[in-house]
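Below: one structure, written as structure tokens.
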Amino acid sequence: MLALVSWVGLSLPIQADDILLDDEFDAEAIFDDSEFSVDNTDLLLQESPFQWLLKQGLVLDPQATQDPTNSYTDVHLTAETTLGLSGFANIDLKATQDWLTGQWDTEIYSSAIQISTQQGAFKLGRYINSWGEVEGAGVLDIINPAPDLTDPDRGFKPQWLVAYSHYMGPREWQLLTNLDPDIAEFPDLSATKQASREWGLRYKVANSGSDWAVYAGQFLQNSPTLGLVNSLEQLTAFGYDLLGFSYNQARGDNLFKFDLAWKQGLGQQVGDDLTQVERLDMAFGAEIKVGERQWQWSLSSNYLPEHTHEFSSVIIDPLTFELSLLPSRQWYSRYGMGVSDSLANGEFNWSLNLSGAFNGSVTGLISELKWDYNDNLNILFSLAGITANADSELAAMDGLQRFGIELEYHF
């Protein structure tokens, strides 16, 4: 599969171990009630708890023989509030109009209720829960489905989760369950889910300049496996067991990352049967900052320890749409390279991401330029494309191109 490069923003907390007071410290001046005027209070009360977001997008596919353009409209209504002194809630309602198909969809795009205790926090709703360090590699970031190259929404997909995190100083336990796992859709094919729930456990330790964590759980494949059974296609999202480990190390402004996962029960075509096998996944990543410019690098691999000559992948011919078998490799490695920066004092932000297979069978490119026109309006220009060999799993996407423009207006 093609791994699209994405990166994690690093957040450094601000701490104050000591407060130094001198003889000129004036407590009465700091806590003077006149600082909190009636006018300021009225302005806060007048702020709406709701926010609207409108996205209007146009996508061009110059290689398409019919309907080369498509337009969509997304409307988001968001709201957030506190729940007493220890709770928080938010919701994002989304309505989408696809102007090519005429389809109109509404959904709870994301929502969350979090209640904090003295040593922990309960969180339930539809949201994103990040695992692992190398985002987009598919090693441990398996809870929320990643976007594909043609998806206008470049973010990971929120899921209906219930989680509890328990904090013990620099250590954290997290237990979560996915109540209704999503899987990727295939055109004209329906997939069978082997499991209706997911659960996972993480133990994380934060040290000075580095973090590490171990993981365990039972999950459902985000991307179902396409196979042939008795010469008939079968699309199945298998349930599998996972044991994993992650580590990161900060060196100045740079961050180095590593993920490792043993997965038992993944779908695999072996001979004339679609069965379940074991696989070792690993990924290395780095975020390098040079001035204001950010570079991202990643290398990920999958290893099948029980591999034989009967291991294969089912591919779809892009012209005849017939299914055929492609021999699988015991090792399959991918790379990712990305760079991002800003121009004109942050008014323009651009990024360029390149990813592909080390054997040259697949290469993908995503480029974006975001123009923050004013506080309410920004414009996003995007370019994406894929080249794939005829004997690769993504042969049907060879020559794919996408040009897009999206206007985002906040009100």
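As the structure is a computational prediction, the values presented were derived from the model and not from experiment.
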With no hydrogens and no angle check, is any side-chain donor or acceptor of Asp141 less than 3.5 Å from a backbone partner on Gly136? yes
Mind checking the CG-CG spacing from Leu266 to Asp281? Nearest 0.5 Å is all I need. 7.0 Å
Closest heavy-atom contact between Ser165 and Glu172? OG-OE2, 3.4 Å
Roughly how far, to the nearest 0.5 Å, is CD of Glu306 from CD of Glu278? 5.0 Å
How close do Asp211 and Ala206 get, counting heavy atoms only, and between which atoms? OD1-CA, 3.2 Å
Closer than 3.5 angstrom, by distance alone: can the side chain of Gln276 be matched with the main-chain N or O of Gly265 as a donor-acceptor pair? yes
Is the distance from the ring center of Trp331 to that of Tyr303 below 6.0 Å? yes
Separation between NE2 (His410) and NE2 (His76), nearest 0.5 Å, reads 10.0 Å
Give the minimum heavy-atom separation between Gly338 and Asn353, together with the two atoms involved. CA-OD1, 3.3 Å
Under 30°, 30 to 60°, or over 60°: which ring-plane class applies to Phe348 and Trp371, parallel, tilted or perpendicular? parallel
Do Tyr72 and Thr96 meet the criterion of a side-chain donor-acceptor pair at a distance under 3.5 Å? no
Check ion pair Asp92-Lys94 (N to O, under 4.0 angstrom): no
Distance-only, no hydrogens or angles: does the Arg202 side chain make a donor-acceptor pair with backbone N or O of Trp131 under 3.5 Å? no
Compare every heavy atom of Leu220 with every heavy atom of Gly239, then report the nearest pair and how far apart it is. N-CD1, 4.0 Å
Between Trp52 and Phe411, how do the two ring planes meet: parallel, tilted or perpendicular, split at 30° and 60°? parallel
If you apply the rule side chain to side chain contact (heavy atoms under 4.5 Å, CB included), what do you find for Leu323 with Leu226, and how did you get there? CA-CA 10 Å; Leu323 303 182; Leu226 179 62; 4.2 Å; yes
Between Lys193 and Ile183 (side chain of the first, backbone of the second, donor and acceptor by atom type, cut-off under 3.5 Å), is there such a pair? no
Would Leu274 and Phe238 count as a side chain to side chain contact (heavy atoms under 4.5 Å, CB included) here? Give the steps. CA-CA 11 Å; Leu274 180 59; Phe238 289 94; 3.9 Å; yes
Asn302 and Arg329: side-chain donor and acceptor closer than 3.5 Å? no
Can you tell me if Gln268 uses its side chain to pair, donor with acceptor, with the backbone of Ser312 under 3.5 Å? yes
With no hydrogens and no angle check, do the side chains of Ser86 and Ser116 hold a donor and an acceptor under 3.5 Å apart? no
Of all heavy-atom pairs between Ser246 and Leu140, which one has the smallest distance, and what is that distance? CB-CD1, 3.9 Å
If the plane angle is over 60° it's perpendicular, under 30° parallel, otherwise tilted; pick one for His307 and Phe311. tilted
Would Thr106 and Trp104 count as a side chain to side chain contact (heavy atoms under 4.5 Å, CB included) here? Give the steps. CA-CA 7 Å; Thr106 58; Trp104 168 265; 3.6 Å; yes
Give every residue pair that meets the salt bridge (Lys or Arg N to Asp or Glu O under 4.0 Å) criterion with at least one member in residues 340-353, sequence neighbours excluded. Arg293-Asp341
What's the spacing between Ile115 CD1 and Phe88 CZ if we round to 0.5 Å? 11.0 Å
Interatomic spacing from CH2 in Trp350 to CG in Leu352 - rounded to 0.5 Å: 7.0 Å
Roughly how far, to the nearest 0.5 Å, is the CD atom of Gln103 from the CD atom of Gln97? 9.0 Å
Hey, is Arg402 close enough to Asp61 for a salt bridge, meaning N to O under 4.0 Å? yes
How are the rings of Phe358 and Tyr335 set to each other: parallel, tilted or perpendicular (split at 30° and 60°)? perpendicular
Salt-bridged, Glu135 to Lys257, with N to O below 4.0 Å? no
With no hydrogens and no angle check, do the side chains of Glu368 and Ser382 hold a donor and an acceptor under 3.5 Å apart? no
Check whether the side chains of Gln221 and Thr236 place a donor and an acceptor atom closer than 3.5 Å, and report yes or no. no
Set out, in order, the CA-CA distance, both residues' side-chain angles and the distance that settles side chain to side chain contact (heavy atoms under 4.5 Å, CB included) for Met337 and Trp297, then state yes or no. CA-CA 5 Å; Met337 299 179 292; Trp297 309 86; 3.4 Å; yes
Determine, stepwise, if the pair Trp212 / Tyr247 fulfils ring pair (Phe, Tyr, Trp, His ring centres under 6.0 Å). CA-CA 4 Å; Trp212 64 268; Tyr247 177 80; 8.8 Å; no
Is a side-chain donor-acceptor pair under 3.5 Å present for Trp199 with Gln218? yes
